[in-house]
2 protein chains.
Amino acid sequence: MLDTAGCPDCKRINDVLSRVGDRWSVLVVISLARDGTLRFNELKKNLGISQRMLSLTLKELERDGLVHRTYHPTIPPKVEYTLTEMGQSFREPVSALGYWALENLTKIDAARQAYDKSVAK
Amino acid sequence: MLDTAGCPDCKRINDVLSRVGDRWSVLVVISLARDGTLRFNELKKNLGISQRMLSLTLKELERDGLVHRTYHPTIPPKVEYTLTEMGQSFREPVSALGYWALENLTKIDAARQAYDKSVAK
DNA sequence: CATAGTGGTTCCCTATTTGTTACCGAGGTT
DNA sequence: AACCTCGGTAACAAATAGGGAACCACTATG
């Protein structure tokens, strides 16, 4: 099972999607793309993400080479996050997705309401 | 919590992403985009998805107005799925993401290996 | 009679994800 | 001395995702 026969690219797309395709990763990239450099607690406040999930998400993004982490060993410590070159290049498809989302949000809501009404009756 | 203050669009993007952003939805859209019309068991075979998840995914996509379902009351029954106009428009950002994924898969793998090695030592 | 084929739905169980809370260290502030 | 800040980590609890198998209706075929 799960051999995805018949759609060879599906498996690879699937691979990448399961890495960078989660909600928080995308939102972190969007935030960093907009603001350039952000500190840990700035991201946390901006996104309304829990400390734990932000920590995990940033660690994954750093591991995948999309985000660069700069640690300043001051007291209190200061850590800055920026996009790497690959992270920058990720902006384009993500922006495309974001724009589509904003443009089609109302259509989706309308479709949902219509569907729910037609099912309920 | 979770008020996403400071990034008003984030919440909305988040909304849409949590609807159409899961792995199976994306793969179903890709398959339908490529083949035009597919039946339930064709999708199931192509994607290696379980019957349950395919059923749930298709129902959601239909509800969101991305997929159109045509039921032929023959014996045995025949159901055909196609993309709606909005589903077609979703192809573009998804394709962009797919191309990025294919282009950067090896880079991500390399970054991962480098990161893991630097942490392990 | 039994079986297969089609498009599901429902129940059960497990695995993964996500959130909550508490805690840390080192130095500065009150 | 007590408390605050920053950037996390560890432990625990809850929610969700996902697979597998069984079942359904209906009919044609062997």
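The model shown is predicted, which means the values in this text are computed figures rather than measured ones. We name chains A, B, ... by the order of the sequence lines, and we start the count at 1 in each one.
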Verify the contact: side-chain N or O of [X] to OP1 or OP2 of [N], cut-off strictly under 4.0 Å; return yes or no.
X     : N      : answer
B:S55 : C:dT9  : yes
A:R52 : D:dA13 : no
B:R23 : C:dT16 : no
B:R39 : C:dG7  : yes
A:K59 : D:dG8  : no

Interatomic distance, [X] [atom1] vs [N] [atom2] [rounded to whole Å]:
X     : N      : atom1 : atom2 : value
B:L38 : C:dG7  : CG    : C1'   : 15 Å
A:K45 : D:dG8  : NZ    : P     : 17 Å
A:Q51 : C:dT18 : CD    : P     : 17 Å
A:L54 : C:dT20 : CG    : C1'   : 16 Å

Minimum-distance nucleotide to [X] side chain [options: [options]]:
X     : options               : value
B:I75 : C:dG8, C:dG19, D:dT27 : D:dT27
A:R69 : C:dG8, D:dG8, D:dG18  : D:dG8
A:P77 : C:dG8, D:dG8, D:dG7   : D:dG7

Would you say the side-chain atoms of B:T57 pair up with the backbone N or O of B:L54, donor to acceptor, closer than 3.5 Å?
no
Shortest non-hydrogen contact between A:T106 and A:E103, atoms and distance
OG1-O, 4.3 Å
Report the residue (B:L58 or A:M53) whose heavy-atom-nearest nucleotide on DNA chain C is the more 5′ of the two.
B:L58
Between B:F40 and A:D22, which is nearer to the 5' end of DNA chain C once each is assigned its nearest nucleotide?
B:F40
Test of understanding: clusters of I, L, V, M, F, W, Y form through side-chain heavy atoms closer than 4.5 Å, transitively. Do A:L97 and A:Y99 belong to the same one?
no
Using a strict cut-off of less than 4.0 Å between a Lys/Arg side-chain nitrogen and an Asp/Glu carboxylate oxygen, indicate whether A:E60 and A:R63 qualify as a salt bridge.
yes
Min side-chain heavy-atom separation B:L47-B:V28 under 4.5 Å:
yes
Axis-to-axis angle across the helix from C:dC1-D:dG30 to C:dT30-D:dA1, five pairs each end, nearest 10 degrees, ~ 30°
Rounding to 0.5 Å, atoms CG (B:L66) and CD (B:Q88) come to a distance of 11.0 Å
By the 4.0 Å heavy-atom rule, please label A:K44 as base, sugar-phosphate, or nothing.
nothing
Among B:K78, B:E80, B:R39, the one residue meeting side chain to side chain donor-acceptor pair (under 3.5 Å) with B:H72
B:E80
